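Only this structure's heavy atoms are used, side chains among them; waters, hydrogens and symmetry mates stay out. Per chain, numbering begins at 1; letters A, B, ... match sequence-line order. Please read these numbers as outputs of a predicted model, since none were measured by experiment.
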Amino acid sequence: MSQGIRVASAEDIAEGEGITIGRDVAGTADDIALLKDDDGSIWALDNTCTHQTASLAEGWVEGGYVECPLHSSRFCLRNGEVDGLPATRDTVAHRVEVRDGEVYLFPGQTP
Amino acid sequence: MNSRSDLGHVVVVGGGVGGVSTVGALRQGGYDGRVTLVDAGEFPYDRPPLSKDYLAGACSSTDLWLQSPAWFDDNRIELRTRTSVAALRTAEGALELDDGSRVAADRVVLATGGRAARPPLPGADGDLVHTLRTIEDADRLHKALVPGARLLVVGAGLIGAEVASTALDLGCDVVLVDPVDPPLVAALGTTIATWLHDLHTARGVRVVRAGVESLGQDGAVLTARFVGQPDAAEFDVAVLGVGMSPDTSLAVAAGIEVDRGVVVDPAQRTANPAVLAVGDATRVRRDGVLLPRTEHWEAAQHDGKRAAASILGVAPPAETAPWFWSDRHHRHVEAIGHLGAADQVVLRGTTDAPSFAVFGLHEGRVVAAAAVDDPTAVRAARRMVDRRLAVDPGALADPTTDLRRLLRG
C-alpha cells in the first residue's frame, strides 16, 4: 500500500466540493469524503459526520474546513478536528497525495 | 492567546446550547480561571432531536449530550447538575442555590432558556395535554405515541410540524390544528411555507385551519372544540406547540431589565456589570431598538461565544445572518436571514424537484434564503448575505448556476 490507492483524478472534484469514495474501494470502516479546498488542495476525511448521519462529501469546503450539510458543524481538513457544535467528536483524516493529476489515498495514515 | 484567570469565578446558569457554548468559548478564548455550569437537569443536552429522532425512539439520551463528561473534565468545567439557582446576589459576589447554599460568583451568565408556553385555554393543563421542551417531556410524550393513538397537535409552527411528522412515522392518527394557513411565511416565504404545510396532508396528517376553543377530558378521552365547529373532536393525546415562555425570574428578582426576555446589549451584557445573558430568554437592544427573541439553536450558540468574548474583553466573533433548520416528513428545511426584509423573492428550481430554494433580495442584494433539501444553496446564501453581495436574480433563479461561482464574483 506504499503507493496508495488511486481513487480519483484531481479534476473530478470541483473546488469547494467533495466526492465520496466507497469503503469497499478504500478498505476503511467508513466511506471517505475526498474534499477540495478553495485553494485547490485535496483532503480526505471519514465521510459520515460524527453528529448524525450526514455525508461530509456533500458539505461546503472552504478555508481549511468542511461544513456539514445538515447542522453546520465544521471539521478541519488537515486533522479531522471538530470545530463547533452540534458535533462533539473529531472525525478521522487520511493522507492524500496528488501525483500527475491523480489522487492517491493512504487509508489510516495520518496526513 | 493569553491565558488569564484574573476575572474570578464565572458561573453559567443553564446547560442548553447557549450555556455550554459559553463555557466552551471561555476556555477556547484562553480563560484559565474557575468556570462552573449549573443546570437543573441530569446532564447538559441538545434539544433539537427531542421532536425528531429522540421522540421517534431512534436515539438514546446519551446521544443528546452537548459534550461528553470527559470534555467537561478536560476543560475543567465544574458541573453542578440537578441544581437550580434560587437568586443572584451580585452585590455580594455570589449566587444562592436551591438548597440554600451560596456559591461565590464574580460573573454570572444567565442561559436559562424557558418553558413551553401553555395558552390560557380551558383544559390546556389536562393530563392528556403535553408540551415539549425537555427530555422528560419527550419521554412522556413518546410513551403516549403508540400506533393508532389519536393525536392532536395544536400549532403548526416548527415544533408542532416536527411532532406531527414524527408521530405519523410512529403510526399515530394525527390532526394538526392552526388558525394560520400556511404558518412560517415570515421565516420561509410563501412558496416554501405553503409547500411544507401541504406536505402534512400529502403524508396523511389531517390539517384543520381553526383556533382551539377548549380542551376537555372525559375519562381517558381528550375532547377538543375548534372555533367555528359545532362538534367536539375526540383524541387520546394532545401536544401544544405554541411557543415558549422565557425564564426570566432570576433577572427580574435581581432588578435587571426584563421585557418578555432579559434585555441585553449586542455583547450580551445586562445593565448589571456582573451579569450577562444568552439564548432563548434574551432580547437584544441594538441602537435603541429592542429586537424580538430569536429562539433558535445557532443564535444561542453565537450568544455564548459573544458573552465569552465580552467577559474576556476581546473582539466578538463576526456577525452572521440568523440561521435555522427543521426536519419534517423526511425533508430538511433551512433558512438564513430575514425574508421579510426582501423586496424581491426568486424561486430557484421548482417545488416538484427533489430540492429547491428561494432567495430574498433587497435593492439587488441577497438578504435571505430558504431551501428544502438544498443545504448548499443556504450556505452560499449565508455568504452572500454576510458580504452584502449584489447578485443577478436571474442567475439565482437558474438551478444550473453554480452558486459558489456567483460568490467568487
Open item on the list: Does anything in residues 68-81 of chain A reach chain B? List residues with heavy atoms under 4.5 Å apart, or say none.
Closed with: A:Cys68, A:Pro69, A:Leu70, A:His71, A:Ser72
- [ ] Would you please classify the geometry between the B:Trp325 ring and the B:Trp297 ring as parallel, tilted or perpendicular, with 30° and 60° separating the classes?
- [x] perpendicular
- [ ] Kindly check if the number of other-residue, nucleotide or ligand heavy atoms within 6.0 Å of CZ (A:Arg89) is above 12?
- [x] no
Open item on the list: Taking side chain as everything from C-beta outward and backbone as N, CA, C, O, which of these in B:Trp71 sits under 4.5 Å from a heavy atom of chain A? Side chain, backbone, both or neither.
Closed with: neither
Task: Proximal component of A:Glu62, with respect to chain B [non-hydrogen, under 4.5 Å] - done: side chain
Open item on the list: Under a 3.5 Å threshold, yes or no: a donor from one side chain and an acceptor from the other, between B:Asp373 and B:His332?
Closed with: no
- [ ] Compare every heavy atom of B:Ala368 with every heavy atom of B:Leu339, then report the nearest pair and how far apart it is.
- [x] N-CB, 3.4 Å
Open item on the list: Give me the atom names and distance for the closest heavy-atom approach of A:Leu105 to A:Ala26.
Closed with: CD2-CB, 3.8 Å
TODO: Using non-hydrogen atoms and a 4.5 Å limit, figure out which bit of B:Gln301 sits close to chain A: side chain, backbone, both or neither.
DONE: side chain
Task: Engaged part of B:Glu298 at the chain A interface, taking heavy atoms whose separation is under 4.5 Å - done: neither
- [ ] Give, as side chain, backbone, both or neither, the part of B:Arg382 having an atom under 4.5 angstrom from any heavy atom of chain A.
- [x] neither
Task: Part of B:Ala25 within contact of chain A (heavy atom distance under 4.5 Å) - done: neither
- [ ] Would you mind checking if B:Arg379 and B:Asp374 are paired as a salt bridge, meaning a charged N to carboxylate O distance below 4.0 Å?
- [x] no
Task: A:Arg99 to A:Tyr104 six-membered ring, cation-pi geometry met (6.0 Å, 45°) - done: yes
Task: Residue pair B:Ala277 / B:Gln268: nearest heavy atoms and the distance that separates them - done: O-NE2, 2.8 Å
TODO: Heavy-atom pairs under 4.5 Å with chain B are the metric here; pick the option from A:Glu58, A:Glu15, A:His51 that has the most.
DONE: A:Glu15
- [ ] Could you tell me the separation between the CG atom of B:Leu64 and the OH atom of B:Tyr54, rounded to the nearest 0.5 Å?
- [x] 6.5 Å
